[in-house]
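Since the structure comes first, as structure tokens, the remarks are kept for the end.
Naming convention: chains lettered A, B, ... in sequence-line order (proteins, then strands); numbering from 1 in each chain.
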2 protein chains.
Amino acid sequence: MAQEKQVPDIVVGRLPIYLRALTFLKTEHREITSSQELGDRLGISSAQIRKDLSHFGEFGKQGTGYDIRHLESNLKRILHVDRMWDVVLIGAGDLGHALANYRGFAGRGFRISAVFDKSTDKIGNEIVEGLVVEDVAKLSERVKEVGWHMAIVAVPAEEAQSVANTLMEAGVKAILSYAPISLMVPSGIRVEHIDPAVHLQHLTYYLG
Amino acid sequence: MAQEKQVPDIVVGRLPIYLRALTFLKTEHREITSSQELGDRLGISSAQIRKDLSHFGEFGKQGTGYDIRHLESNLKRILHVDRMWDVVLIGAGDLGHALANYRGFAGRGFRISAVFDKSTDKIGNEIVEGLVVEDVAKLSERVKEVGWHMAIVAVPAEEAQSVANTLMEAGVKAILSYAPISLMVPSGIRVEHIDPAVHLQHLTYYLG
DNA sequence: CGACCTTTGTCAAAGTTTGCACAAAGATGT
DNA sequence: ACATCTTTGTGCAAACTTTGACAAAGGTCG
């Protein structure tokens, strides 16, 4: 039943979680797992995991479960992270710094390949080995020249929409935004938002 | 219909987004808005916004819309951010640094009130004015003493589960984790995960 | 070999979430 | 004062998502 119909976005959103769990199991030198075990670890029902995976093919073996490396490589293929994506980062503040230095991207398909900021204090600085902060005024030009498809926005709320507009106009198709506003984008462009205060507020609701 | 039945978690999860949008409208010196306008800005249908809010009471006025300050203060009350929450941060790496320095928490109900790390290089450093990194070995003791209810975990994957266990054992009820693993927690404890690679992989699915 | 155990992939049912559509209430403008 | 416009809150139906259950397939072990 490989992708006859469009796969629900909510299912797609769980695949990276499954992939992460498989990579973790590998660090424990495990070779085989089951929907039951994955579900227990992730707090998801085993039926849901089987159903989700069934949208893309048959990866398991009855009576045994899933070969971890096999399922992992299939999920990487499905998510298109069986290649390396160059990502452009806008914002070289504390957060931009943390992202540029984050060691976790490489093993999961991503490389921060350029950093932009508007502050003259930061432009020209080598934020991390081999990565010099460029002037955001050159952003549009450089995106068109290099052809990046993905960007991470780590600028203050006031600047985020205008940076996003520049990126989209220059051809970027997917944005991960850390700015505490909801970016408005036309259909065809995909955005994900990360805002720690939103998550904390979701938690406090239940703290009564 | 104020909270007769339990409100779905998916609805609760949208409230902080609504709250953020209202705060943003205030920066534009707006006083009134409508479900239509909010929906357009957030990419959510107006009916959904009205329905979500109706779980908690009636906040709008027919023919007019919503008074921004009135709805904002109600949402703050509902989410329990009409007070300040002290949050303990574990991990004083680049990310911990960015979080400790983040100016955005204060206006939204949160204050990082202590930082812990295991590295002797970091313990004793003043990570930000008035906030000295403490030894994670003292974490349990200090949490029990002070009684924090919320924590942010910004340590490497290998240490995250054990830090979370310490926190829960010491009485923490809600955790925001930046570690790239799914924390296993008993029911009664709430966890939210932030993992940029997960979001990026969700995006690459659609980049074909 | 055969009995028994495990686990997948899938169907149908149950449960949840969203969106339409509209009455009621309030605004606006002549 | 009235017609017209706007916008809420909600009942209902449609769409979507999750779960339970099970046949089929494969493994284990005496």
Side-chain angles (χ1 to χ4, degrees), chain A residues 1-18 21-22 25 30-72 74-75 78 187 202 205, chain B residues 1-18 21-22 25 30-72 74-75 78 187 202 205:
Chain A
M1 197 217 262
Q3 218 143 332
E4 290 162 12
K5 261 194 62 180
Q6 193 191 285
V7 178
D9 183 63
I10 195 161
V11 171
V12 175
R14 280 190 293 261
L15 300 183
I17 310 285
Y18 300 161
L22 292 168
L25 284 168
R30 301 283 310 284
E31 305 212 326
I32 302 285
T33 187
S34 64
S35 59
Q36 180 72 62
E37 180 185 38
L38 280 172
D40 290 348
R41 293 208 178 217
L42 302 178
I44 291 176
S45 81
S46 63
Q48 179 161 84
I49 292 175
R50 294 199 299 278
K51 181 86 177 257
D52 285 352
L53 296 176
S54 77
H55 284 95
F56 303 94
E58 308 197 355
F59 306 109
K61 204 158 138 193
Q62 282 157 325
T64 307
Y66 300 91
D67 179 89
I68 290 173
R69 301 166 74 92
H70 178 246
L71 182 53
E72 185 191 34
N74 273 282
L75 284 177
I78 292 163
S187 72
H202 189 162
Y205 175 82
Chain B
M1 196 219 261
Q3 219 144 332
E4 289 162 12
K5 260 194 63 180
Q6 193 193 284
V7 178
D9 183 63
I10 194 160
V11 171
V12 175
R14 281 189 294 260
L15 300 182
I17 310 286
Y18 301 162
L22 292 167
L25 284 167
R30 300 283 311 285
E31 305 213 327
I32 303 285
T33 187
S34 65
S35 59
Q36 180 72 63
E37 180 184 38
L38 281 173
D40 290 349
R41 293 207 179 217
L42 303 178
I44 290 176
S45 83
S46 63
Q48 178 160 85
I49 292 176
R50 294 198 299 279
K51 177 88 87 158
D52 284 352
L53 296 176
S54 78
H55 284 96
F56 303 95
E58 307 197 355
F59 306 109
K61 204 159 135 191
Q62 282 156 326
T64 307
Y66 299 91
D67 179 89
I68 290 172
R69 300 166 74 90
H70 178 247
L71 182 54
E72 185 191 32
N74 273 282
L75 284 177
I78 292 164
S187 73
H202 190 164
Y205 175 82

Side chain of A:Pro8 only, please: which of D:dT19, C:dA21, D:dT17 is the nearest? D:dT17
Looking at side-chain heavy atoms only, is the closest gap between A:Phe59 and A:Leu75 below 4.5 Å? no
Which residues within residues 31-42 of chain A lie with some heavy atom under 4.0 Å of an atom in DNA chain C? A:Ser34, A:Ser35
Nearest listed nucleotide, side chain of B:Glu58, among D:dT19, D:dG9, C:dG9: D:dG9
For the side chain of A:Gln62 and the base of C:dT8, is some donor closer than 3.5 Å to an acceptor across the two? yes
Kindly point out which of C:dT18, D:dG27, C:dG9 is positioned nearest to the side chain of A:Thr64? D:dG27
Checking understanding here: a glycosidic angle within 90° of 0 is syn, the rest anti, so what is C:dA13? anti
Between CG of A:Asp52 and CD1 of A:Ile44, what distance do you get to the nearest 0.5 Å? 7.5 Å
Which nucleotide, D:dG27, D:dT18, C:dA27, lies nearest any side-chain atom of B:Lys61? C:dA27
Using whole Å, report how far CZ of A:Arg50 lies from P of D:dA24. 16 Å
Between C:dT8 atom C1' and A:Phe56 atom CZ, what is the distance in whole Å? 17 Å
Looking across every strand, which nucleic acid part, if any, lies under 4.0 Å from A:Ile10 by heavy atom: base, sugar-phosphate, or nothing? sugar-phosphate
Distance below 4.0 Å between B:Ser45 side-chain N/O and C:dG19 OP1 or OP2: yes
For D:dG9, take OP1 and OP2 only and decide whether either is under 4.0 Å from a side-chain N or O of B:Tyr66. yes
Smallest separation among heavy atoms of B:Leu42 and B:Ala21, with atom names: CD2-CB, 3.9 Å
Residue closer to the 5' end of DNA chain C, A:Ala47 versus A:Gly63 (nearest nucleotide): A:Gly63
Could you check whether any side-chain heavy atom of A:Leu53 comes within less than 4.5 Å of a side-chain heavy atom of A:Tyr66, counting everything from C-beta outward? yes
Any donor-acceptor pair, under 3.5 Å, between the side chain of B:Lys51 and the base of C:dG19, if you only look at N and O atoms? yes
